[in-house]
Amino acid sequence: MKKDRKWLVKFFKRSEDKFSDVDLNEANIFKRILFIVLSNIKSILVLMCIFAFFSLIFSYAGSLGRRSVVLSLNYEEASKGQNPNLTRYNVYELTSDEMMERVIAYAGLQDVLTPAELASHISISENSSGKTIDPLDENTYYISTSYTLSYRRNRGIRNISTDDMMSLICKAYNDMFHENYVGVKSVLKYDLGDIEDKEYIEIAKLFTNKSDQMLRYIQQRIEENATYRSDITGQSFQTIKRMIMNVQEYSIKKYYAFALETGLSRDRDLYIGTLSHKNEMLDIKWQKDMIDYNVRKSGVENYDSAMIGTVMVPAVNERREYYMSRTNIGTDYLTKEADFFLTQGSITNRDIIENNDIMAKVSASGAVDEDYKKAEELMHSVDEELKNVANIADTTDKDYIKHTTKDYLTFTKYDNTDDKIFILESVIGSAVVFFIILCGLYYVLDGYIRRKEGSL
């Protein structure tokens, strides 16, 4: 006990020794604590410096295993809280299982990490500097267009640095965002479904229709940017257009001509019956189109010739200047409608003639097994060609979309000045708390010594 007292006396300075002129028995608890602290100010400062030093070391060491980037949304719909395709934007998809699985795959850590484990090391916070007011919300709801993404190092991952993992997270999210919400075009997704049970000639029509859809879409891309060439496929939209046209001009036509000339069918009676029914429906449509055409043609012919001519009306141009503009009259509208119905009737009649030709060829068919075998080979060859071209077109288009929308999402290095200030503030705050705890401990220690002295 005496050894404990000697140690305490060396470490702890009695307040009566320094403030002998003060009656501490009459002082309240706050005065007593003040006198005790002032008596032991050197030891308290030493302890606080030691605490602050180790606290700073641990805080800084923790920040070394953490990387942050600022995610900015730079497209018009972001200010409304939407994705580019007008669906609702949700930044927390960044920690979804789908996203985490993509990051793990990019990093090659399938057998090391689970999506939940990786997500637990990622944090997301909104940045007040990137907020806009939702114009559709009467309560002036603020929408964030800037977020800070942070990744805290997982000690179980040894072969990938924190910086590399942060880069993979950004790449995975950018890829997923563009695939799901930016310019997704199903027309370039090649999927004809199950064609094994369809008639050979109808399959040729499917090939033609699908390739026509692809051509129309690619032509739009050419009009947007005729010189673009993908770094991934090495193809331009011009070369892809030629690829599709080559498949149409050679492979599809060859297959269609062979299937038609040999009159191939999987079920002759059913196929002929189906085509016959189609022709009945088409004939009704053709008659209706021709009636509409003849009515309008008759209206134009019977129109009062005195009323036919150029009608001029006053108008105002973009500079607010008056001029006389020609306007359409009754015969103009009737003539356009008559042309439309005549064109529709011609298309319908052509389909009827084509179906009659197919029925005649199928009825007279003398196809043998070799013909069917060759048709299958040609069909699968065309299917494979279109599938390959569609894959190239889809990949090129996605690359083009990324090229034109590369600034939709930007990831910039986080300025850690605020983090350094935060670490300093947290150390200072912890030191203040530690000082208060020391005051309490010294007060308790003073009471302990007094009780021990009183018991001697």
Side-chain angles (χ1 to χ4, degrees), residues 185-219 233-235 237-286 346-397:
K185 302 297 181 182
S186 59
V187 70
L188 295 179
K189 297 290 186 182
Y190 184 76
D191 183 15
L192 295 181
D194 184 12
I195 61 175
E196 297 298 329
D197 295 330
K198 295 184 182 297
E199 290 293 344
Y200 292 98
I201 295 174
E202 299 305 315
I203 292 172
K205 293 180 180 179
L206 283 177
F207 287 150
T208 301
N209 291 338
K210 181 60 182 178
S211 57
D212 281 343
Q213 290 176 358
M214 293 167 59
L215 267 180
R216 286 192 293 270
Y217 180 78
I218 293 300
Q219 183 59 41
T233 63
Q235 303 296 333
F237 292 120
Q238 295 277 13
T239 57
I240 292 173
K241 178 181 178 180
R242 286 196 292 271
M243 289 179 187
I244 299 171
M245 293 179 67
N246 285 339
V247 176
Q248 285 187 332
E249 292 295 325
Y250 299 104
S251 301
I252 296 178
K253 279 189 176 181
K254 181 179 179 181
Y255 168 71
Y256 178 76
F258 180 79
L260 179 62
E261 290 304 318
T262 52
L264 299 180
S265 64
R266 299 187 189 276
D267 188 328
R268 178 180 300 182
D269 293 337
L270 178 61
Y271 188 33
I272 292 175
T274 301
L275 290 175
S276 178
H277 177 70
K278 283 184 178 179
N279 271 1
E280 291 176 3
M281 297 297 102
L282 289 172
D283 185 63
I284 294 173
K285 182 179 183 303
W286 177 80
S346 299
I347 294 173
T348 302
N349 189 54
R350 186 170 64 245
D351 291 340
I352 293 172
I353 294 172
E354 182 182 5
N355 288 339
N356 285 332
D357 185 38
I358 294 172
M359 285 189 288
K361 292 287 176 53
V362 171
S363 298
S365 174
V368 295
D369 291 343
E370 288 298 321
D371 295 326
Y372 283 95
K373 183 179 178 180
K374 182 177 179 180
E376 290 287 340
E377 292 174 355
L378 290 173
M379 178 182 69
H380 289 297
S381 176
V382 174
D383 186 52
E384 194 63 31
E385 285 185 58
L386 277 180
K387 190 178 296 181
N388 290 336
V389 173
N391 183 58
I392 294 172
D394 188 48
T395 304
T396 302
D397 190 53

Sorted by chain and residue number, the side chain to side chain contact (heavy atoms under 4.5 Å, CB included) partners of T239 (sequence neighbours excluded) come out as Q235, S236, R242
Is there a side-chain contact between D283 and E280 (heavy atoms, below 4.5 Å)? no
Only counting residues at least two apart or in another chain, list the ones meeting salt bridge (Lys or Arg N to Asp or Glu O under 4.0 Å) with K374. none
Decide yes or no for D351 and W286: does some side-chain heavy atom of the first lie under 4.5 Å from some side-chain heavy atom of the second? no
Distance-only donor-acceptor hits, side chain of residues 254-266, under 3.5 Å, sequence neighbours excluded:
residue: Y255; atom: OH; partner: Y200; partner atom: O; Å: 2.9
residue: Y256; atom: OH; partner: E354; partner atom: OE2; Å: 3.0
residue: T262; atom: OG1; partner: F258; partner atom: O; Å: 2.6
residue: R266; atom: NE; partner: E196; partner atom: O; Å: 3.0
residue: R266; atom: NE; partner: K198; partner atom: O; Å: 2.5
residue: R266; atom: NH1; partner: E196; partner atom: O; Å: 3.2
residue: R266; atom: NH1; partner: Y200; partner atom: OH; Å: 3.4
residue: R266; atom: NH2; partner: E196; partner atom: O; Å: 3.0

Who pairs with E385 by side chain to side chain contact (heavy atoms under 4.5 Å, CB included), at least two apart in sequence or on another chain? V247, S251, S381
So, using side chain to side chain contact (heavy atoms under 4.5 Å, CB included) as the criterion, who are the partners of N388 when residues are at least two apart? E384
Salt bridge D357-K361, side-chain N to carboxylate O under 4.0 Å: yes
D267 meets the side chain to side chain contact (heavy atoms under 4.5 Å, CB included) criterion, sequence neighbours left out, with E199, D269, L270
Can you confirm whether Q213 sits close enough to K210 that some side-chain heavy atom of one is under 4.5 Å from a side-chain heavy atom of the other? yes
Whether the T395 and T233 side chains hold a donor-acceptor pair (N or O, under 3.5 Å, no angle test) is what I'd like checked. no
If only atom types and distance count, is the side chain of D371 paired as donor or acceptor with the main-chain N or O of V368 below 3.5 Å? yes
Less than 3.5 Å apart, any donor N or O on the side chain of Q248 or K253 sitting next to an acceptor on the other? no
T208 backbone acceptor or donor facing S211 side chain under 3.5 Å: yes
Do M379 and F207 have side chains that get closer than 4.5 Å, going by heavy atoms? yes
Is there side-chain contact between Y271 and M359, with at least one heavy-atom pair below 4.5 Å? no
Would you check, one step at a time, whether the test side chain to side chain contact (heavy atoms under 4.5 Å, CB included) holds for F237 with Q219? CA-CA 8 Å; F237 292 120; Q219 183 59 41; over 6 Å; no
